[in-house]
Amino acid sequence: MSTNAAAAERLSTIATLLEILGEDKFRVFAHQKAARAVEAMTQDLTTLAQSKWGGAELLKIDGIGPKTADKLIEFVTTGTMTELEELKAKVPAGLLEVLAIPGMGPKTVALVWKDLGVVDLAGLKAAIADGRLLTLPRMGEKAVGKIKMAIEMLAQSAGRLRLGIAMPIAQRVAAQMHNAKGAGVKRAAFAGSLRRGKETIGDIDILVVAADAQKAAEAFCTMPGVRQVIAKGENKCSVRMSIDLDESRWSGDPEMAGSETKAAVADAVKRPTVQVDLRVIPASSWGAALMYFTGSKEHNIKLRERAQKMGLTLNEYGLFPDDKAADKPPQQRGVKAVASATEESIFTALGLAFVPPELREDRGETELKATPRLIEVADITSELHAHTTASDGSMSIVELAEHMKSRGMHTIAVTDHSQSSAIAGGLKPKALREHIAAIAQAQKAVKGITLLAGSEVDILASGELDYQDDLLAELDIVVASPHSGLSQDSETATKRLLKAIAHPLVHILGHPTGRLINRRRGLEPDMAAVIAAAKEHDVALEINAHWMRLDLRDTHVKAAVEAGCLIAINCDVHAKEDADNLLYGVTTARRGWLTPEQCINTWTAAKLHGWLKKKRQ
DNA sequence: GCCGTTTTCGGCCCGACTGTTTTCAGTCG
């Protein structure tokens, strides 16, 4: 784990422990905010904190004050935080897993701990089994039953759903709500972290405008696949829904696969349910609700703070004048909203440029003077990372070319694996030379798309490339990627990647960390150094669009974009349907604030081919 | 614990749902 992530995790744990101890909730909130700030930092904390002005630099970050800065410097210097150690001595470690149970908040956790001596999950289960939990105030049969159910559900859950699994489910649910009989649904859309395009999703939020809210709720709770109705109110319902693996797009990428793909598929099958929330919204509040439920929470807080400074109050029904009447929310007292029907109108009323959903993470988006022209799927006109039957793909060269042409690409790079990736059928030098000839031959058969002869060359553990330079020089394009030795320490990994980037024949650094979301952490290089080197050597950093990878990740993309680095968005095509993953790659790019010009896949054929040839002269 | 275009002290985002209550605390998003 990177130092930043480790420090953020510790601050977050401090917040949680303070919460259990019943400390001031604003202190808790401050620690949570600081943790998020550290998590979002693009500079390396170690480098920053140890520099002469490190402390002052830390204080410039919103949410980090003198106390937190001290804790961070202490952590970087000594590897520990005294405050955390002291808190850990007071609170049993097992209570953290108890707090993770939905329905068990800090107050209840403190209660079972103090009154029943529960110190971990096993203790809680025992207290449920022998009826002691029922003896607590505000604990009835129903409350205990819910906790029991939540424990069972948690045991089945394998964590957050990957974007590529959640998206098709959400699209299907939204479509089903549109067609709900008798409910008169006028609008239906998904919101939440899915709309923001996060790489993993905790639950799915569906919003509808319906003539008959009750019928809409009824239709929602009785959809195929609903396993349990968690809550069913007038405006809000929550269900747990089975995940049907057939809904998610999966391609057999044997490189990930061998055991990895099978494990990932098994993982998705094992995770049986996902929580889906429905909100029924008045048509006039559509924009406010969409905004509110899209989040993120941090972004919403920023907007509400801003509204408050302007004498306004913002909730899921609209932006209202703040008349300080505390008895009831404004929409229940007939107060007329300043703005509510569209997101655009609310941003405008707040004096802000419209913020695309992918940017709503409180990473500076409310400072924007104008809405940036972010990259879109339609901007992409080339695919620069694809495999054929020569290694581990399922299409021939001609099939691949025809398919990518039908997807509107002017260029397709054929980049089969190199010799060290034996499991993926990597090509020996002789086979690669024959493949180069075969690609030239295929070009004669296919018109209207340029075929490039390339390779996805392994970056060996040492940082050396998997072919000799004379062979690499024969290729139109070289994508250099790490495939093995992915548990190297950070320093070794950094050296390895820097060496590959500095190689004069390399165009693109493919899936730079080699991570697999929810499965493999991958390399954790000093990303600032990698980005600086890529910029210096005119190497594009790849966003691998497969939803298992999304590598670079969003925060790395943002740092690379800020540094002026070139970015490639590639589907790493092995099979036809892999081209559909482009949406996820572009979404990740948008989360990193990428504009079209900085992405080589949007360039005209002339510009792209010219750039590639520069490294062949 | 952090922060300042009313503030260096006194605030700090907002509403729905649930289960237990007899008016609300706790949790969630």
Side-chain angles (χ1 to χ4, degrees), chain A residues 11 14-15 18-19 22-37 58-72 83 99-112 134 136-147 149-150 191-194 196 201-207 213 217 229-238 275-281 285 288-289 291-320 322 326-332 351 362:
Chain A
L11 288 174
I14 289 177
L18 289 172
E19 214 175 4
E23 293 282 339
D24 177 35
K25 63 178 171 172
F26 296 111
R27 240 184 105 202
V28 173
F29 185 75
H31 279 91
Q32 287 167 343
K33 188 172 178 178
R36 287 196 301 269
L58 284 172
L59 287 177
K60 284 185 194 164
I61 299 169
D62 190 35
I64 297 181
K67 295 256 177 68
T68 308
D70 283 349
K71 278 175 228 175
L72 290 173
E83 185 179 355
L99 188 62
I101 300 163
M104 290 292 293
K107 296 272 165 49
T108 316
V109 170
L111 195 65
V112 298
L134 271 171
L136 293 178
R138 308 189 66 85
M139 274 293 170
E141 293 282 354
K142 270 189 157 175
V144 173
K146 268 197 151 176
I147 292 168
M149 176 75 95
S193 50
L194 190 60
R196 301 201 310 281
I201 271 83
D203 57 19
I204 295 173
D205 297 296
I206 305 287
L207 305 185
V229 177
I230 299 168
K232 189 176 174 185
E234 209 174 310
N235 307 305
K236 179 189 163 178
C237 304
S238 294
Q275 180 167 336
V276 188
D277 294 341
L278 175 80
R279 310 275 175 158
V280 185
I281 307 296
S285 300
M291 199 163 181
Y292 184 89
F293 291 110
T294 296
S296 66
K297 198 173 164 189
E298 294 74 31
H299 173 85
N300 284 351
I301 289 172
K302 246 326 194 290
L303 292 192
R304 274 181 238 136
E305 284 170 355
R306 185 180 177 91
Q308 206 176 37
K309 279 177 194 156
M310 297 172 75
L312 301 167
T313 178
L314 178 62
N315 62 29
E316 61 262 55
Y317 294 95
L319 181 65
F320 298 91
D322 189 4
D327 57 335
K328 268 184 177 179
Q331 71 276 4
Q332 289 181 16
D362 192 17

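The sequence lines fix the lettering, A, B, ..., with proteins before strands; numbering per chain opens at 1.
- Contacts of A:T313 with the nucleic acid, taken as non-hydrogen atoms under 4.0 Å apart, involve only primed sugar atoms and P, OP1 or OP2.
- Few gaps surround CE on A:M310; more than 12 heavy atoms of other groups in view lie less than 6.0 Å from it.
- The nucleotide whose nearest atom lies closest to any side-chain atom of A:K146 is, among B:dG19, B:dC17, B:dA16, B:dG19.
- Heavy atoms of A:P137 sit nowhere under 4.0 angstrom from any nucleic acid atom.
- Set against B:dC14, B:dA16, B:dG1, the side chain of A:A30 has B:dG1 as its closest nucleotide.
- Among all heavy-atom pairs drawn from A:T68 and A:A34, the shortest one is CG2-CB, 3.8 Å.
- A residue-by-residue look at A:I230 and A:L99 shows that A:I230 has its nearest nucleotide of DNA chain B further toward the 5' end.
- OP1 or OP2 of B:dG1 lies within a sub-4.0 Å distance of a side-chain N or O belonging to A:R27.
- Counting non-hydrogen atoms under 4.0 angstrom, A:K25 reaches nothing in the nucleic acid.
- Backbone-only contact: A:E141 has heavy atoms under 4.0 Å from sugar-phosphate atoms and none from a base.
- Looking at the side chain of A:D203, the nearest of the listed nucleotides B:dG29, B:dG1, B:dG15 is B:dG29.
- Listed nucleotides: B:dC12, B:dG29, B:dT27. Nearest to the side chain of A:T108: B:dT27.
- More than 12 heavy atoms of other shown residues, nucleotides or ligands fall within 6.0 angstrom of atom NZ in A:K302.
- Pairing each heavy atom of A:P102 with each of A:A150, the nearest pair is O-CB, 3.5 Å.
- Which of B:dC28, B:dC12, B:dT18 sits closest to the side chain of A:Q308 comes down to B:dC12.
- Here A:K33 lies out of heavy-atom contact (under 4.0 Å) with every strand.
- Between A:K67 and the phosphate of B:dG1, there is a side-chain N or O to OP1/OP2 separation shorter than 4.0 Å.
- Contacts of A:L303 with the nucleic acid, taken as non-hydrogen atoms under 4.0 Å apart, are absent.
- Between A:I101 and A:Y317, the one whose closest nucleotide on DNA chain B sits nearer the 5' end is A:Y317.
- When heavy atoms are screened at a 4.0 angstrom cut-off, A:N300 is found touching no nucleic acid atom at all.
- Salt bridge annotation for A:R27-A:E83: present, with a cationic side-chain nitrogen under 4.0 angstrom from a carboxylate oxygen.
- Residue A:N235 places none of its side-chain N or O atoms closer than 4.0 Å to OP1 or OP2 of B:dA16.
- Summarising the geometry of A:N300 relative to A:M291, their closest heavy-atom pair is OD1-O, 3.6 Å, with the distance given to 0.1 Å.
- A sub-4.0 Å separation between OP1 or OP2 of B:dG19 and a side-chain N or O of A:K142 is present.
- Judged by Watson-Crick or G-U wobble contacts below 3.5 Å, the nucleotide B:dT8 has no partner.
- Nucleic acid contact class of A:G192 (heavy atoms, under 4.0 Å, all strands): none.
- With its glycosidic angle more than 90° from 0, B:dT22 adopts the anti conformation.
- Taking only side-chain nitrogens and oxygens, A:T68 comes nearer than 4.0 Å to OP1 or OP2 of B:dC2.
- The gap from the C1' atom of B:dG15 to that of B:dG10 amounts to 25 Å, rounded to the nearest Å.
- The separation between A:K236 atom NZ and B:dC14 atom P is 19 Å, rounded to whole Å.
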